[in-house]
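Everything numeric in this text was worked out from a predicted model, so none of it was measured. Numbers here simply count residues along the sequence, with the first being 1.
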Amino acid sequence: MSKGTVVLAYSGGLDTSCILVWLKEQGYDVIAFLANIGQDEDFKAAREKAERLGAKKVFIEDLRAEFVEDFIWPAVQANAVYEDRYLLGTALARPCIARQMVKIARKEAAHFVSHGATGKGNDQIRFELSCYALYPEVQVIAPWRIPEFYNRFRGRTDLMEFAQKHGIPVPVTPKAPWSMDANLMHISYESGVLENPKSHAPADLYMMTKNPEDSPNTPDVLEIEFKNGVPVKVTNVKESTSKALPLDVFSYLNEIGGKHGIGRIDIVENRFIGMKSRGIYETPGGTILLKAHLDIETFTMDKEVRRIKQGLGIKFSEFVYNGFWYSPECDFVRNCIIKSQENVEGKVQLSVFKGQVYILGRESPKSLYNEELVSMDVQGDYDPCDASGFIRINAVRLREHHRLQGFSSTKN
(Lines give C-alpha, C1' and ligand atoms only; values in the text may rest on other atoms or scores of the structure.)
Protein backbone atom coordinates (compact mmCIF):
# COMPACT_ATOMS: atom_id res chain seq x y z
CA MET A 1 0.00 0.00 0.00
CA SER A 2 1.33 3.43 -0.99
CA LYS A 3 2.37 5.87 1.73
CA GLY A 4 1.18 8.69 -0.54
CA THR A 5 2.33 10.77 -3.48
CA VAL A 6 5.51 12.82 -3.36
CA VAL A 7 6.59 15.48 -5.86
CA LEU A 8 10.36 15.25 -6.28
CA ALA A 9 12.42 18.21 -7.53
CA TYR A 10 14.24 16.12 -10.12
CA SER A 11 17.35 17.11 -12.08
CA GLY A 12 18.04 13.88 -13.93
CA GLY A 13 21.44 13.60 -12.26
CA LEU A 14 22.82 10.79 -10.12
CA ASP A 15 21.59 12.08 -6.74
CA THR A 16 17.94 12.74 -7.60
CA SER A 17 17.75 9.60 -9.77
CA CYS A 18 18.83 7.53 -6.77
CA ILE A 19 16.42 9.46 -4.54
CA LEU A 20 13.57 8.70 -6.95
CA VAL A 21 14.24 4.96 -6.69
CA TRP A 22 14.81 5.17 -2.91
CA LEU A 23 11.47 6.95 -2.40
CA LYS A 24 9.77 4.15 -4.32
CA GLU A 25 11.54 1.64 -2.06
CA GLN A 26 10.05 3.48 0.92
CA GLY A 27 6.57 2.99 -0.51
CA TYR A 28 5.82 6.37 -2.12
CA ASP A 29 4.35 7.12 -5.52
CA VAL A 30 6.78 9.57 -7.10
CA ILE A 31 5.99 12.45 -9.43
CA ALA A 32 9.17 13.85 -10.96
CA PHE A 33 9.26 17.59 -11.57
CA LEU A 34 12.01 19.16 -13.65
CA ALA A 35 12.08 22.95 -14.07
CA ASN A 36 13.61 24.50 -17.18
CA ILE A 37 15.16 27.70 -15.84
CA GLY A 38 17.72 28.02 -18.60
CA GLN A 39 20.19 25.25 -17.73
CA ASP A 40 21.83 23.19 -20.49
CA GLU A 41 19.83 19.98 -20.18
CA ASP A 42 18.50 17.20 -22.41
CA PHE A 43 14.93 17.40 -21.13
CA LYS A 44 13.67 14.59 -23.38
CA ALA A 45 16.32 12.20 -22.05
CA ALA A 46 15.57 13.29 -18.46
CA ARG A 47 11.86 12.53 -18.97
CA GLU A 48 12.59 9.09 -20.43
CA LYS A 49 14.98 8.33 -17.57
CA ALA A 50 12.46 9.30 -14.88
CA GLU A 51 9.74 7.20 -16.54
CA ARG A 52 12.11 4.25 -16.81
CA LEU A 53 12.96 4.54 -13.12
CA GLY A 54 9.28 4.29 -12.21
CA ALA A 55 8.00 7.86 -11.82
CA LYS A 56 4.22 7.87 -11.73
CA LYS A 57 4.18 11.12 -13.73
CA VAL A 58 6.83 13.48 -15.08
CA PHE A 59 6.33 17.25 -15.32
CA ILE A 60 8.87 19.32 -17.26
CA GLU A 61 7.93 23.00 -17.00
CA ASP A 62 9.49 25.89 -18.92
CA LEU A 63 9.84 28.59 -16.26
CA ARG A 64 12.40 30.79 -18.02
CA ALA A 65 10.11 33.73 -18.80
CA GLU A 66 8.59 33.87 -15.32
CA PHE A 67 12.04 33.44 -13.76
CA VAL A 68 13.14 36.61 -15.55
CA GLU A 69 9.99 38.70 -15.02
CA ASP A 70 8.98 37.60 -11.50
CA PHE A 71 12.37 37.05 -9.87
CA ILE A 72 15.32 38.50 -11.81
CA TRP A 73 13.61 41.83 -12.58
CA PRO A 74 12.79 42.54 -8.88
CA ALA A 75 16.44 41.79 -8.09
CA VAL A 76 17.52 44.29 -10.77
CA GLN A 77 15.20 46.93 -9.29
CA ALA A 78 16.72 46.28 -5.85
CA ASN A 79 20.36 46.23 -7.05
CA ALA A 80 20.38 42.96 -5.14
CA VAL A 81 23.88 41.87 -4.15
CA TYR A 82 24.58 39.60 -1.16
CA GLU A 83 27.62 40.56 0.91
CA ASP A 84 28.64 43.16 -1.69
CA ARG A 85 29.50 40.63 -4.42
CA TYR A 86 27.08 37.74 -5.04
CA LEU A 87 24.20 38.47 -7.44
CA LEU A 88 22.00 35.67 -6.02
CA GLY A 89 21.51 33.53 -9.13
CA THR A 90 20.80 30.29 -7.27
CA ALA A 91 18.88 31.97 -4.45
CA LEU A 92 16.49 33.66 -6.92
CA ALA A 93 15.84 30.41 -8.79
CA ARG A 94 14.74 28.39 -5.75
CA PRO A 95 11.46 30.23 -4.96
CA CYS A 96 10.64 30.11 -8.69
CA ILE A 97 11.08 26.33 -8.78
CA ALA A 98 9.31 25.82 -5.44
CA ARG A 99 6.28 27.83 -6.57
CA GLN A 100 5.73 25.53 -9.55
CA MET A 101 6.44 22.42 -7.48
CA VAL A 102 3.71 23.45 -5.03
CA LYS A 103 1.26 24.07 -7.90
CA ILE A 104 1.87 20.53 -9.13
CA ALA A 105 1.62 19.06 -5.62
CA ARG A 106 -1.74 20.76 -5.03
CA LYS A 107 -3.06 19.78 -8.47
CA GLU A 108 -2.01 16.15 -8.00
CA ALA A 109 -3.21 15.99 -4.36
CA ALA A 110 0.33 15.15 -3.24
CA HIS A 111 0.93 15.71 0.46
CA PHE A 112 4.71 15.32 0.21
CA VAL A 113 7.51 17.11 -1.63
CA SER A 114 11.15 16.06 -1.78
CA HIS A 115 14.49 17.46 -2.96
CA GLY A 116 18.15 16.47 -3.25
CA ALA A 117 19.67 19.42 -1.36
CA THR A 118 22.31 18.56 1.22
CA GLY A 119 21.95 19.07 4.96
CA LYS A 120 24.75 21.66 5.09
CA GLY A 121 23.69 24.11 2.40
CA ASN A 122 21.30 26.98 1.79
CA ASP A 123 19.08 25.30 -0.80
CA GLN A 124 17.30 23.01 1.66
CA ILE A 125 16.20 26.14 3.54
CA ARG A 126 15.15 28.02 0.41
CA PHE A 127 13.11 25.12 -0.99
CA GLU A 128 11.41 24.22 2.24
CA LEU A 129 10.58 27.72 3.51
CA SER A 130 9.02 28.45 0.11
CA CYS A 131 7.02 25.22 0.14
CA TYR A 132 5.76 25.71 3.69
CA ALA A 133 4.76 29.30 2.91
CA LEU A 134 2.81 28.35 -0.22
CA TYR A 135 1.45 24.97 0.97
CA PRO A 136 1.33 25.01 4.80
CA GLU A 137 0.04 21.43 5.11
CA VAL A 138 2.78 19.88 2.98
CA GLN A 139 5.32 17.46 4.43
CA VAL A 140 8.92 17.60 3.23
CA ILE A 141 11.09 14.53 2.71
CA ALA A 142 14.75 15.60 2.73
CA PRO A 143 16.76 12.38 2.22
CA TRP A 144 20.14 13.94 2.95
CA ARG A 145 18.86 14.74 6.47
CA ILE A 146 17.45 11.24 7.10
CA PRO A 147 19.98 8.97 8.89
CA GLU A 148 18.74 5.85 7.08
CA PHE A 149 19.62 7.56 3.79
CA TYR A 150 22.86 9.40 4.53
CA ASN A 151 24.31 6.47 6.49
CA ARG A 152 23.55 4.20 3.53
CA PHE A 153 24.99 6.62 0.95
CA ARG A 154 28.17 8.01 2.46
CA GLY A 155 29.61 9.18 -0.82
CA ARG A 156 29.49 9.07 -4.58
CA THR A 157 30.76 5.47 -4.66
CA ASP A 158 27.74 4.25 -2.66
CA LEU A 159 25.38 6.13 -4.99
CA MET A 160 27.09 4.62 -8.05
CA GLU A 161 26.77 1.10 -6.64
CA PHE A 162 23.07 1.69 -5.87
CA ALA A 163 22.56 3.06 -9.37
CA GLN A 164 24.19 0.05 -11.03
CA LYS A 165 22.17 -2.35 -8.87
CA HIS A 166 18.87 -0.67 -9.81
CA GLY A 167 19.63 -0.02 -13.47
CA ILE A 168 20.02 3.72 -13.09
CA PRO A 169 22.17 5.08 -15.96
CA VAL A 170 25.37 6.66 -14.67
CA PRO A 171 27.71 9.09 -16.43
CA VAL A 172 30.23 7.38 -18.67
CA THR A 173 32.81 10.14 -18.23
CA PRO A 174 34.03 11.20 -14.78
CA LYS A 175 32.10 14.07 -13.23
CA ALA A 176 33.88 17.42 -12.91
CA PRO A 177 35.65 17.58 -9.53
CA TRP A 178 33.31 20.28 -8.26
CA SER A 179 29.57 20.85 -7.86
CA MET A 180 27.71 23.04 -10.36
CA ASP A 181 24.34 24.76 -10.40
CA ALA A 182 23.31 26.36 -13.69
CA ASN A 183 20.36 28.51 -14.68
CA LEU A 184 19.55 31.41 -16.96
CA MET A 185 21.08 33.93 -14.56
CA HIS A 186 24.36 32.25 -13.67
CA ILE A 187 26.47 29.17 -13.07
CA SER A 188 27.87 28.49 -9.61
CA TYR A 189 30.78 26.20 -8.75
CA GLU A 190 31.66 24.90 -5.28
CA SER A 191 32.89 21.86 -3.32
CA GLY A 192 35.47 19.30 -4.43
CA VAL A 193 38.80 20.81 -5.42
CA LEU A 194 37.39 24.29 -4.73
CA GLU A 195 37.00 23.67 -0.99
CA ASN A 196 40.55 24.89 -0.40
CA PRO A 197 39.97 28.66 -0.62
CA LYS A 198 43.61 29.23 -1.61
CA SER A 199 43.38 27.01 -4.71
CA HIS A 200 42.93 28.89 -7.95
CA ALA A 201 39.96 27.99 -10.15
CA PRO A 202 41.01 25.66 -13.00
CA ALA A 203 41.12 27.40 -16.38
CA ASP A 204 38.52 25.01 -17.84
CA LEU A 205 35.98 25.59 -15.06
CA TYR A 206 34.07 28.51 -16.59
CA MET A 207 31.31 27.57 -19.01
CA MET A 208 29.24 30.75 -19.40
CA THR A 209 31.98 33.35 -19.97
CA LYS A 210 35.15 33.61 -22.02
CA ASN A 211 38.44 34.32 -20.32
CA PRO A 212 38.70 38.13 -20.60
CA GLU A 213 42.19 37.69 -22.07
CA ASP A 214 40.70 35.68 -24.95
CA SER A 215 37.67 37.92 -25.47
CA PRO A 216 37.27 40.16 -28.56
CA ASN A 217 39.58 43.13 -29.02
CA THR A 218 36.64 45.31 -30.05
CA PRO A 219 33.97 46.29 -27.51
CA ASP A 220 30.22 45.95 -27.95
CA VAL A 221 28.31 49.16 -27.29
CA LEU A 222 24.84 48.61 -25.86
CA GLU A 223 21.93 50.91 -25.08
CA ILE A 224 19.62 49.61 -22.34
CA GLU A 225 16.25 51.27 -21.88
CA PHE A 226 14.53 51.16 -18.48
CA LYS A 227 10.93 51.77 -17.40
CA ASN A 228 9.99 51.55 -13.71
CA GLY A 229 13.51 50.30 -13.02
CA VAL A 230 13.10 47.32 -15.34
CA PRO A 231 14.91 46.86 -18.69
CA VAL A 232 12.40 47.02 -21.54
CA LYS A 233 14.79 47.06 -24.51
CA VAL A 234 18.45 46.43 -25.34
CA THR A 235 20.04 47.66 -28.55
CA ASN A 236 23.45 46.83 -29.96
CA VAL A 237 24.42 50.28 -31.22
CA LYS A 238 26.96 49.14 -33.82
CA GLU A 239 24.80 46.36 -35.22
CA SER A 240 21.49 48.23 -34.89
CA THR A 241 19.79 45.10 -33.48
CA SER A 242 17.32 45.19 -30.59
CA LYS A 243 15.58 42.84 -28.17
CA ALA A 244 12.44 43.79 -26.27
CA LEU A 245 10.84 40.68 -24.70
CA PRO A 246 12.13 40.15 -21.13
CA LEU A 247 13.54 36.67 -21.79
CA ASP A 248 15.16 37.86 -25.04
CA VAL A 249 16.66 40.93 -23.35
CA PHE A 250 18.25 38.90 -20.58
CA SER A 251 19.43 36.10 -22.89
CA TYR A 252 21.06 38.62 -25.22
CA LEU A 253 22.85 40.34 -22.33
CA ASN A 254 24.12 36.92 -21.24
CA GLU A 255 25.40 36.30 -24.76
CA ILE A 256 27.22 39.65 -25.05
CA GLY A 257 28.49 39.51 -21.47
CA GLY A 258 29.70 35.95 -21.89
CA LYS A 259 31.56 36.86 -25.09
CA HIS A 260 33.49 39.58 -23.23
CA GLY A 261 34.15 37.66 -19.98
CA ILE A 262 31.80 39.74 -17.81
CA GLY A 263 30.64 38.73 -14.34
CA ARG A 264 33.20 36.30 -12.88
CA ILE A 265 33.70 36.34 -9.10
CA ASP A 266 35.54 34.06 -6.67
CA ILE A 267 34.37 34.59 -3.08
CA VAL A 268 34.05 33.18 0.41
CA GLU A 269 30.50 33.81 1.64
CA ASN A 270 28.50 33.27 4.83
CA ARG A 271 25.82 30.62 4.48
CA PHE A 272 22.60 31.19 6.42
CA ILE A 273 23.17 27.94 8.31
CA GLY A 274 26.28 29.41 9.93
CA MET A 275 29.34 28.22 7.99
CA LYS A 276 31.52 29.92 5.43
CA SER A 277 31.83 28.46 1.94
CA ARG A 278 33.90 29.21 -1.13
CA GLY A 279 31.92 29.81 -4.30
CA ILE A 280 32.82 30.79 -7.85
CA TYR A 281 30.12 32.44 -9.94
CA GLU A 282 29.68 33.80 -13.44
CA THR A 283 26.74 36.14 -14.01
CA PRO A 284 27.28 38.02 -17.29
CA GLY A 285 23.85 39.52 -18.05
CA GLY A 286 23.10 40.25 -14.40
CA THR A 287 26.38 42.13 -13.98
CA ILE A 288 25.69 44.35 -17.00
CA LEU A 289 22.20 45.14 -15.71
CA LEU A 290 23.46 45.96 -12.21
CA LYS A 291 25.89 48.57 -13.58
CA ALA A 292 23.29 50.06 -15.95
CA HIS A 293 20.50 50.15 -13.38
CA LEU A 294 22.70 51.78 -10.73
CA ASP A 295 23.51 54.50 -13.23
CA ILE A 296 19.95 55.32 -14.35
CA GLU A 297 18.69 55.07 -10.78
CA THR A 298 21.15 57.65 -9.46
CA PHE A 299 20.26 59.90 -12.42
CA THR A 300 16.52 59.87 -11.75
CA MET A 301 16.00 59.19 -8.03
CA ASP A 302 15.92 61.70 -5.17
CA LYS A 303 19.03 61.54 -2.98
CA GLU A 304 17.25 60.77 0.29
CA VAL A 305 14.88 58.23 -1.27
CA ARG A 306 17.89 56.46 -2.75
CA ARG A 307 19.67 56.41 0.62
CA ILE A 308 16.68 54.61 2.17
CA LYS A 309 16.30 52.35 -0.85
CA GLN A 310 19.97 51.27 -0.61
CA GLY A 311 19.29 49.90 2.85
CA LEU A 312 16.16 48.15 1.62
CA GLY A 313 18.20 46.57 -1.19
CA ILE A 314 20.59 45.08 1.35
CA LYS A 315 17.68 43.70 3.40
CA PHE A 316 16.07 42.29 0.25
CA SER A 317 19.32 40.55 -0.69
CA GLU A 318 19.56 38.94 2.74
CA PHE A 319 15.92 37.80 2.64
CA VAL A 320 16.43 36.21 -0.78
CA TYR A 321 19.72 34.55 0.15
CA ASN A 322 18.26 33.13 3.36
CA GLY A 323 15.15 31.71 1.67
CA PHE A 324 12.51 34.23 2.78
CA TRP A 325 11.16 35.28 -0.63
CA TYR A 326 7.59 34.44 0.45
CA SER A 327 7.85 36.08 3.87
CA PRO A 328 5.76 39.14 4.84
CA GLU A 329 8.91 41.19 5.43
CA CYS A 330 10.29 40.43 1.97
CA ASP A 331 6.93 41.23 0.40
CA PHE A 332 6.88 44.56 2.23
CA VAL A 333 10.42 45.48 1.19
CA ARG A 334 9.81 44.38 -2.39
CA ASN A 335 6.78 46.66 -2.64
CA CYS A 336 8.72 49.57 -1.16
CA ILE A 337 11.42 49.02 -3.78
CA ILE A 338 8.81 48.90 -6.57
CA LYS A 339 7.46 52.26 -5.32
CA SER A 340 10.97 53.71 -5.45
CA GLN A 341 11.30 52.76 -9.12
CA GLU A 342 8.37 54.80 -10.47
CA ASN A 343 10.65 57.45 -12.01
CA VAL A 344 13.59 55.18 -12.84
CA GLU A 345 13.19 55.57 -16.58
CA GLY A 346 15.57 56.29 -19.42
CA LYS A 347 18.43 54.92 -21.50
CA VAL A 348 21.99 54.02 -20.53
CA GLN A 349 24.75 53.53 -23.09
CA LEU A 350 27.64 51.34 -22.07
CA SER A 351 30.64 49.53 -23.48
CA VAL A 352 31.32 45.86 -22.74
CA PHE A 353 34.99 44.96 -23.12
CA LYS A 354 37.58 42.58 -21.66
CA GLY A 355 35.68 41.64 -18.50
CA GLN A 356 34.53 45.18 -17.73
CA VAL A 357 31.41 47.29 -18.16
CA TYR A 358 32.05 50.97 -18.89
CA ILE A 359 29.19 53.48 -18.62
CA LEU A 360 29.31 55.95 -21.54
CA GLY A 361 26.25 58.14 -21.05
CA ARG A 362 22.59 58.29 -20.06
CA GLU A 363 19.37 60.20 -20.81
CA SER A 364 15.94 60.32 -19.19
CA PRO A 365 12.70 62.28 -19.46
CA LYS A 366 12.57 62.11 -15.66
CA SER A 367 16.14 63.16 -14.98
CA LEU A 368 16.85 65.15 -11.82
CA TYR A 369 20.06 66.43 -13.39
CA ASN A 370 19.83 70.19 -14.05
CA GLU A 371 22.63 71.14 -16.40
CA GLU A 372 22.19 74.87 -15.86
CA LEU A 373 22.02 74.52 -12.06
CA VAL A 374 25.20 72.47 -11.82
CA SER A 375 27.18 74.30 -14.52
CA MET A 376 30.42 76.12 -13.65
CA ASP A 377 29.81 78.48 -16.57
CA VAL A 378 26.18 79.47 -15.91
CA GLN A 379 24.88 81.00 -12.68
CA GLY A 380 21.41 79.43 -12.93
CA ASP A 381 18.82 79.63 -10.16
CA TYR A 382 21.38 79.52 -7.36
CA ASP A 383 22.98 82.16 -5.15
CA PRO A 384 26.51 81.14 -4.07
CA CYS A 385 26.18 83.36 -0.99
CA ASP A 386 23.67 80.87 0.41
CA ALA A 387 26.47 78.34 0.73
CA SER A 388 28.16 80.44 3.45
CA GLY A 389 25.24 80.04 5.85
CA PHE A 390 24.85 76.37 4.88
CA ILE A 391 28.50 75.71 5.76
CA ARG A 392 28.34 77.69 9.03
CA ILE A 393 25.23 75.80 10.20
CA ASN A 394 26.90 72.45 9.46
CA ALA A 395 30.05 73.61 11.24
CA VAL A 396 28.21 74.26 14.55
CA ARG A 397 28.23 70.58 15.46
CA LEU A 398 31.88 70.10 14.44
CA ARG A 399 33.03 73.13 16.39
CA GLU A 400 31.24 72.00 19.52
CA HIS A 401 32.59 68.45 19.20
CA HIS A 402 36.18 69.60 18.83
CA ARG A 403 35.80 72.28 21.50
CA LEU A 404 34.84 69.51 23.91
CA GLN A 405 37.66 67.26 22.68
CA GLY A 406 40.13 70.06 23.14
CA PHE A 407 38.82 70.77 26.64
CA SER A 408 39.12 67.07 27.54
CA SER A 409 42.68 66.74 26.27
CA THR A 410 43.72 69.88 28.16
CA LYS A 411 42.09 68.54 31.28
CA ASN A 412 43.99 65.24 30.96
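Classified by interplanar angle (parallel below 30°, tilted 30° to 60°, perpendicular above 60°), the ring pair Phe127/His115 is parallel. In this structure, Trp73 and Phe250 have perpendicular ring planes: the angle between them is above 60°, well past the 30° mark. Under the 30°/60° scheme for interplanar angles, the aromatic rings of Tyr86 and Tyr82 are found to stand perpendicular.
Remark: Asp386 CG is packed, more than 12 non-hydrogen atoms of other residues, nucleotides or ligands lying under 6.0 Å away. Atom CZ of Phe332 has 12 or fewer heavy atoms from other residues, nucleotides or ligands within 6.0 Å. The 12-atom threshold is exceeded at NZ of Lys103, counting heavy atoms of other residues, nucleotides or ligands nearer than 6.0 Å.
Ring-centre distance between Trp22 and Phe162: not below the 6.0 Å cut-off.
At a threshold of 4.0 Å, the pair Glu128-Arg145 counts as salt-bridged, since one of the basic side-chain nitrogens sits closer than that to a carboxylate oxygen. Under 4.0 Å is where a charged nitrogen must lie from a carboxylate oxygen, and between Glu61 and Lys107 no such pair does. Glu297 and Lys309 are joined by a salt bridge, as a carboxylate oxygen and a charged side-chain nitrogen come within less than 4.0 angstrom of each other. Salt-bridge formation is detected for the pair Arg307/Glu304: a Lys NZ or Arg NE/NH1/NH2 atom is positioned less than 4.0 Å from an Asp or Glu carboxylate oxygen.
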Could you go through Gln39 and Ile187, starting from their C-alpha distance and side-chain angles, then the distance that decides it, and tell me whether this counts as side-chain contact (heavy atoms from CB on, under 4.5 Å)? CA-CA 9 Å; Gln39 72 272 37; Ile187 302 180; over 6 Å; no
From CA spacing to verdict: salt bridge (Lys or Arg N to Asp or Glu O under 4.0 Å), Asp181, Arg94: CA-CA 11 Å; Asp181 179 70; Arg94 296 316 182 215; 3.0 Å; yes
Can I get a per-line list of side-chain donor-acceptor pairs under 3.5 Å for residues 273-282, giving both atom names and the distance, sequence neighbours left out?
{"residue": "Lys276", "atom": "NZ", "partner": "Asn270", "partner atom": "OD1", "Å": "2.7"}
{"residue": "Ser277", "atom": "OG", "partner": "Arg271", "partner atom": "NE", "Å": "3.3"}
{"residue": "Arg278", "atom": "NE", "partner": "Asp266", "partner atom": "OD1", "Å": "2.9"}
{"residue": "Arg278", "atom": "NH1", "partner": "Leu194", "partner atom": "O", "Å": "2.9"}
{"residue": "Arg278", "atom": "NH1", "partner": "Asn196", "partner atom": "O", "Å": "3.1"}
{"residue": "Arg278", "atom": "NH1", "partner": "Ser199", "partner atom": "O", "Å": "3.2"}
{"residue": "Arg278", "atom": "NH2", "partner": "Ser199", "partner atom": "O", "Å": "2.6"}
{"residue": "Arg278", "atom": "NH2", "partner": "Asp266", "partner atom": "OD2", "Å": "2.8"}
{"residue": "Tyr281", "atom": "OH", "partner": "Glu269", "partner atom": "OE1", "Å": "2.6"}
{"residue": "Tyr281", "atom": "OH", "partner": "Glu269", "partner atom": "OE2", "Å": "3.3"}
{"residue": "Glu282", "atom": "OE1", "partner": "Met208", "partner atom": "N", "Å": "3.2"}
{"residue": "Glu282", "atom": "OE1", "partner": "Thr209", "partner atom": "N", "Å": "2.9"}
{"residue": "Glu282", "atom": "OE1", "partner": "Thr209", "partner atom": "OG1", "Å": "2.5"}
{"residue": "Glu282", "atom": "OE2", "partner": "Tyr189", "partner atom": "OH", "Å": "2.5"}
{"residue": "Glu282", "atom": "OE2", "partner": "Met207", "partner atom": "N", "Å": "2.8"}
{"residue": "Glu282", "atom": "OE2", "partner": "Met208", "partner atom": "N", "Å": "2.9"}

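Under the 3.5 Å distance criterion, the side-chain polar atoms of Ser251 are left unmatched by any main-chain donor or acceptor of Asp248.
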